[in-house]
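Keep in mind that the numbers below use all heavy atoms, side chains included, and drop hydrogens, waters and symmetry copies.
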2 protein chains.
Amino acid sequence: MSKTYSVLNELLVELFNDILMIEQQALKSKDFNDLSITETHTIEAIGMYGDKTMSEVAEKLNITVGTLTVAVNNLEKKGYVERKRSEEDRRIVFVHLTNKGKLAYRMHEKFHSAMINEVIEGLTDEEEKILVSSLEKLNNFFKKRLKKIGGEE
Amino acid sequence: MSKTYSVLNELLVELFNDILMIEQQALKSKDFNDLSITETHTIEAIGMYGDKTMSEVAEKLNITVGTLTVAVNNLEKKGYVERKRSEEDRRIVFVHLTNKGKLAYRMHEKFHSAMINEVIEGLTDEEEKILVSSLEKLNNFFKKRLKKIGGEE
DNA sequence: TAAAAATATTTGAGAATCAAAATATTGAGG
DNA sequence: CCTCAATATTTTGATTCTCAAATATTTTTA
């Protein structure tokens, strides 16, 4: 069991917890303090451009469409998103961000920028490349794992 | 805005989501399928060795003691943990894992091992170093950020 | 000893979530 | 054209996680 193992394990666990806590706390202090983390993620999944169907958004968030319906109801009430029924196929419901919603989206984006910049800063181009490819490997491992679990049982 | 930025951002976001999903799905397939993610984390926080007070565990999990009380009620009912009132100070309640709880703890640990090992395996020494130091930077950024938010308001 | 502090539990309320039932619409086959 | 299956969404009922505030018990302090 190498030293890298325990270091990496702790780092990942801490990272994960910190991200959650920061997102939570960042919301409380800022404008848009009527948004929960989950709601912010919903806004993120709807995205800046064009309409998305309820199913598309739910899939992206890995939640059921029923859950999303409730979430969108509230976000609509608060003025962050709007619904629009498709004319071609009236079963389908499109959602998109209002101006207020787009503002919130950009706010969240800013948080991410600050985070990433902090990481990149102080890395050489070479190191930057290595970091990206390392994380890609990490990601691939997870994807593989997910497929395996999902496919079997 | 460099290309690295958006790539890194996406990687981190995906990573975060994948970890959540994998933990979720890992639980469903395995034994101990009567445990939620939250409950697993509670077990993790109680830890293998010795007794911990309710307050200590709640602090570690960043939840209120009230929330923990409910969680421990359920875990006790399912046989994963036990309570014991302190003799010296009868306000204090200690919790510790039962044998079943310890088994679950080790199970979760195994999952982490598999994850980290798989990642390290595919990396050269050079990449390993860079990955660790980058994650450390990311972590420092978060710690700083948390202190700032927590301290001010 | 009486008041204040510390520790934990209970309670009431609000999100987030799912599964299953209900609703509305479309498309295909006869 | 009518019916039935499939698709997309919403509604409903239940559970879990969470907090804040009220309550209970015990210890400490003044």
By side chain to side chain contact (heavy atoms under 4.5 Å, CB included), B:Arg91 pairs with (sequence neighbours left out) B:Asp89

Contacts satisfying salt bridge (charged side-chain N to carboxylate O under 4.0 Å, His left out) that involve residues 64-77 of chain B (not counting sequence neighbours) are B:Glu76-B:Arg83

Ranking D:dC19, D:dT10, C:dA8 by distance to the side chain of A:Thr69, first place goes to D:dT10

Contacts of A:Lys78 meeting salt bridge (charged side-chain N to carboxylate O under 4.0 Å, His left out) (sequence neighbours excluded), chain-then-number -> A:Glu39

B:Arg83 side chain near C:dA8 phosphate (N/O to OP1/OP2, under 4.0 Å): no

A:Ser55 meets the side chain to side chain donor-acceptor pair (under 3.5 Å) criterion, sequence neighbours left out, with none

List every contact pair, protein side and nucleotides 11-16 of chain C side both N or O, where the distance is under 3.5 Å.
{"residue": "C:dA16", "atom": "OP1", "partner": "A:Ser36", "partner atom": "OG", "Å": "2.3"}

Residues at least two apart in sequence or cross-chain that pass side chain to side chain contact (heavy atoms under 4.5 Å, CB included) with B:Arg85, listed by chain then number, are B:Arg90, B:Val93

Between CG of B:Leu68 and P of D:dA20 the distance, given in whole Å, is 15 Å

B/S/- along nucleotides 25-30 of chain D (protein heavy atoms under 4.0 Å) is BBS---

Residues 44-62 of chain A vs salt bridge (charged side-chain N to carboxylate O under 4.0 Å, His left out), sequence neighbours excluded, gives A:Asp51-A:Lys84

Rounded to whole Å, the CD1-C1' distance (A:Ile92 to D:dT10) equals 15 Å

Residues passing the side chain to side chain contact (heavy atoms under 4.5 Å, CB included) test with B:Lys129, sequence neighbours excluded, are none

### Task
Indicate, with a heavy-atom threshold strictly under 4.0 Å, whether B:Val65 touches base, sugar-phosphate, or nothing.
base

**Report entry** Trace of the side-chain contact (heavy atoms from CB on, under 4.5 Å) decision for B:Leu75 with B:Leu35
**Finding:** CA-CA 9 Å; B:Leu75 283 175; B:Leu35 287 176; 3.7 Å; yes

Going by chain and number, the hydrophobic cluster around A:Ile92 (ILVMFWY, side chain to side chain under 4.5 Å) further includes A:Phe94

Across all chains, not counting sequence neighbours, the salt bridge (charged side-chain N to carboxylate O under 4.0 Å, His left out) partners of A:Glu127 are none

- request: Start with the C-alpha gap between B:Glu136 and A:Val7, add the side-chain angles, then the distance that decides, and say whether side-chain contact (heavy atoms from CB on, under 4.5 Å) holds.
  value: CA-CA 9 Å; B:Glu136 268 165 0; A:Val7 173; 4.3 Å; yes

Within residues 43-62 of chain A, the residues having a heavy atom closer than 4.0 Å to DNA chain D are A:Thr53, A:Met54, A:Ser55

